[in-house]
There are 2 protein chains.
Amino acid sequence: MKILAVTLPKVRICAVGQWPADRIDRDGFLILDDVVQKEIANIASLVSYECGEHIYAQEAPEQYIYVPHSGAVRVSHQLADGRNQIVAFYMPGEPFGLGENGVYLNSACALTDCLLVRVPRAALDALCEHEPRLQQDCLVGAMAQLRLSQRHLLIVTHQRALKRVADFLRECSRQQEVFDPVRNVLSLIMDRSDIADYLGTSVETVSRMLGKLEEEGLVKRLDARSLWLDLPRLNDLLDN
Amino acid sequence: MKILAVTLPKVRICAVGQWPADRIDRDGFLILDDVVQKEIANIASLVSYECGEHIYAQEAPEQYIYVPHSGAVRVSHQLADGRNQIVAFYMPGEPFGLGENGVYLNSACALTDCLLVRVPRAALDALCEHEPRLQQDCLVGAMAQLRLSQRHLLIVTHQRALKRVADFLRECSRQQEVFDPVRNVLSLIMDRSDIADYLGTSVETVSRMLGKLEEEGLVKRLDARSLWLDLPRLNDLLDN
DNA sequence: CGAAACGTTGAAGTCTCTCAAGAAATGTGG
DNA sequence: CCACATTTCTTGAGAGACTTCAACGTTTCG
């Protein structure tokens with residue numbers, strides 16, 4: 001981890017579908033007014049992590065909220081028996097760092113090299129006290145995460161492995177950072193075991209389901225991390 | 001559904017473990033200051049539902065936030081194939097009514113006869129604008145729900161059916177409304193299929209796992225809805 | 001009392017996991 | 001740049017858990 005001493009870039013918060021249209025800029029990020037941006041800049045810092053580097057650990061004191069500026073982050077929960085549930089992957093603009101009773105609930109790890117905006121929680125809370133607008137944005141953000149979490153639950157409990165994998169690919173293809181809509185090629189930023197841990201299954205099953213999707217022609221493995229997708233047919237599969 | 005024309009009781013919001021100790025009263029509810037209570041009373045109404053009655057439907061316009069005053073509520077999500085995932089059960093003091101893009105994400109149904117405090121969302125949003133304290137309480141509440149949802153995911157994906165059922169019983173036994181700690185008897189308010197849909201399994205499996213727990217002496221079925229529990233041994237099972 | 005809903009139990013079948021081995025990709029040192 | 005080690009991915013086979021289908025017992029309620 002390195003704290004960068006450059007001026008903080010504007011905090012960009014991913015906002016599509018959550019906020020009213022007049023609060024979203026053309027890139028799909030939330031518009032914060034200049035005063036708030038400035039006040040955040042006063043308390044936040046920009047930090048960089050290398051691929052694979054640990055950001056915080058489950059049970060560690062909950063000090064910061066993070067917002068990725070570039071790169072991607074994996075947040076997961078370790079169980080007593082050593083298994084691992086990936087709670088979510090975070091892309092630029094998606095805040096993470098949920099705690100409970102002052103400690104982090106999960107651990108976070110850099111999936112790629114990344115730059116994060118890091119905001120001390122206490123200072124953010126204080127700032128929210130006299131910036132109701134920001135407070136509300138936090139609420140809207142938390143509810144968005146709740147919806148995602150509920151959706152995750154639905155997919156993982158009520159779909160067979162094949163659909164889970166297909167759904168995962170579709171969700172990934174929504175992230176413009178990793179999907180080339182011209183060639184229809186998805187560049188996975190995570191390995192098979194991350195996918196398995198996210199979907200609540202095993203690496204072998206993920207691999208087999210990719211094989212099955214490939215047999216059916218819905219997917220083609222260009223290499224392990226690059227997948228050509230037939231999105232219309234994936235949608236068909238998932239919606240019926 | 002019946003709208004009751006009595007004076008609104010104090011809104012009581014379940015708060016244990018989420019808010020600082022000085023904001024929680026002796027019964028474990030959140031203390032709202034009198035001004036806020038009054039303003040909520042101005043916009044809220046008290047409504048009653050009979051057991052089994054429908055409260056709102058998935059996809060219906062998101063009009064209200066509800067807080068149970070008495071009774072219990074089941075919130076579930078219907079899938080295209082007709083299956084059902086129960087997202088959560090709500091007991092007195094636990095607000096529910098999550099939406100997205102102006103429509104409810106799930107449907108809600110009265111599990112028992114119940115009284116609910118019903119707050120129009122628009123009015124609540126407006127009230128929050130000049131009551132930062134209330135806004136913050138909403139945020140804290142949303143994060144609590146997010147934690148619950150993540151926990152639900154962990155249990156359902158990473159535990160075998162036996163432990164899922166055991167965990168479910170333990171969680172239920174935390175609700176003083178349904179657990180008699182003297183006799184160690186849990187009164188289930190939901191039927192087997194609700195439990196199955198909550199745990200992402202089938203009624204038959206729930207029944208079999210109860211049988212297995214009973215064989216081991218961790219549970220005794222007094223009747224279908226009344227279970228004697230050996231909590232220490234249930235904890236043992238779950239923590240190892 | 002009889003019908004209907006709910007709960008339990010049994011048996012067969014399916015899906016997924018685990019274990020194991022081989023293939024492909026990645027990295028390292030000469 | 002190549003040989004080798006290591007990691008990651010894929011594929012196969014057997015075992016185990018859960019689901020589904022079916023039947024039967026129990027409770028509830030008109």
Side-chain angles (χ1 to χ4, degrees), chain A residues 50-52 74 79 81-86 111-113 155-169 186-216 219-228, chain B residues 50-52 74 79 81-86 109 111-113 155-169 186-216 219-227:
Chain A
E50 285 175 25
C51 172
R74 176 185 66 214
L79 290 111
D81 60 8
R83 282 179 311 166
N84 212 28
Q85 169 71 43
I86 292 183
L111 208 49
T112 64
D113 291 348
I155 298 297
V156 167
T157 56
H158 281 275
Q159 303 294 359
R160 303 254 162 241
L162 186 73
K163 285 202 177 187
R164 282 186 241 173
V165 172
D167 185 85
F168 179 76
L169 297 178
L186 174 68
S187 303
L188 291 172
I189 51 178
M190 65 291 281
D191 63 23
R192 295 290 185 271
S193 101
D194 285 335
I195 299 176
D197 286 346
Y198 182 75
L199 297 179
T201 183
S202 62
V203 251
E204 294 92 334
T205 299
V206 171
S207 196
R208 270 186 265 269
M209 295 305 133
L210 281 174
K212 211 169 223 170
L213 289 170
E214 190 160 18
E215 274 176 31
E216 311 268 330
V219 163
K220 189 178 288 177
R221 283 177 278 203
L222 307 179
D223 64 68
R225 296 290 186 102
S226 307
L227 302 178
W228 173 89
Chain B
E50 284 176 24
C51 172
R74 175 186 66 214
L79 291 109
D81 60 8
R83 282 180 309 167
N84 212 28
Q85 169 71 45
I86 292 182
C109 175
L111 208 49
T112 66
D113 290 349
I155 299 297
V156 168
T157 57
H158 281 276
Q159 302 294 0
R160 305 252 160 242
L162 185 74
K163 284 200 177 187
R164 280 186 243 172
V165 172
D167 185 85
F168 179 76
L169 297 178
L186 176 67
S187 303
L188 291 172
I189 51 179
M190 64 291 282
D191 62 24
R192 295 289 185 270
S193 104
D194 285 336
I195 300 176
D197 286 346
Y198 182 75
L199 296 178
T201 183
S202 61
V203 256
E204 293 91 336
T205 299
V206 171
S207 193
R208 271 186 264 269
M209 295 306 132
L210 281 174
K212 210 169 225 171
L213 288 170
E214 191 161 17
E215 274 175 32
E216 312 269 329
V219 164
K220 188 178 290 177
R221 282 177 279 203
L222 307 180
D223 64 69
R225 297 290 186 101
S226 308
L227 302 178

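Residue numbering restarts at 1 for every chain, and letters A, B, ... go by the order of the sequence lines. The structure presented is a predicted model; accordingly, all values stated were derived computationally and were not measured.
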**Student:** Please check: side-chain N/O of A:Asp113 versus main-chain N/O of A:Cys51, any donor-acceptor pairing under 3.5 Å?
**Tutor:** yes

**Student:** Quick one, A:Val165 and A:Val219 - any side-chain contact, counting heavy atoms below 4.5 Å?
**Tutor:** no

**Student:** Inspect the surroundings of NZ in A:Lys163 and state if more than 12 heavy atoms from other residues, nucleotides or ligands are less than 6.0 Å away.
**Tutor:** yes

**Student:** Roughly, in whole Å, what's the span from CG in A:Asp191 to P in D:dT7?
**Tutor:** 13 Å

**Student:** Write out the stems for DNA chain C, ordered by first number and formatted as range with range, counting runs of at least 3 consecutive Watson-Crick or G-U wobble pairs under 3.5 Å.
**Tutor:** C:1-30 with D:1-30

**Student:** In Å and rounded to the nearest 0.5 Å, what is the CD to OG1 distance from A:Gln85 to B:Thr157?
**Tutor:** 4.0 Å

**Student:** So, the side chain of A:Arg74 versus the backbone of A:Asp194: is there a donor-acceptor pair under 3.5 Å, distance only?
**Tutor:** no

**Student:** Rounded to the nearest Å, what distance is computed from the CG atom of residue A:Asp223 to the P atom of nucleotide D:dC9?
**Tutor:** 10 Å

**Student:** For residues B:Arg225 and B:Asp191, determine if any side-chain heavy atom of one lies less than 4.5 Å from a side-chain heavy atom of the other.
**Tutor:** yes

**Student:** Walk along nucleotides 12-18 of chain C from 5' to 3' and tag each nucleotide B, S or - by protein heavy-atom contact under 4.0 Å, base first, then sugar-phosphate.
**Tutor:** ---SSSB

**Student:** How many Å lie between CD on A:Glu215 and C1' on D:dT10, as a whole number?
**Tutor:** 13 Å

**Student:** Is the shortest side-chain N/O distance from B:Arg221 to OP1 or OP2 of C:dC6 below 4.0 Å?
**Tutor:** no

**Student:** Would you list the atom pairs, donor with acceptor, under 3.5 Å between side chains in residues 195-204 of chain B and any protein atom, with sequence neighbours excluded?
**Tutor:**
from, atom 1, to, atom 2, distance (Å)
B:Asp197, OD2, B:Asn84, ND2, 3.4
B:Ser202, OG, B:Thr205, N, 3.3
B:Ser202, OG, B:Thr205, OG1, 3.0

**Student:** Tell me, do A:Met190 and A:Phe168 make a side-chain contact under 4.5 Å, heavy atoms counted?
**Tutor:** yes

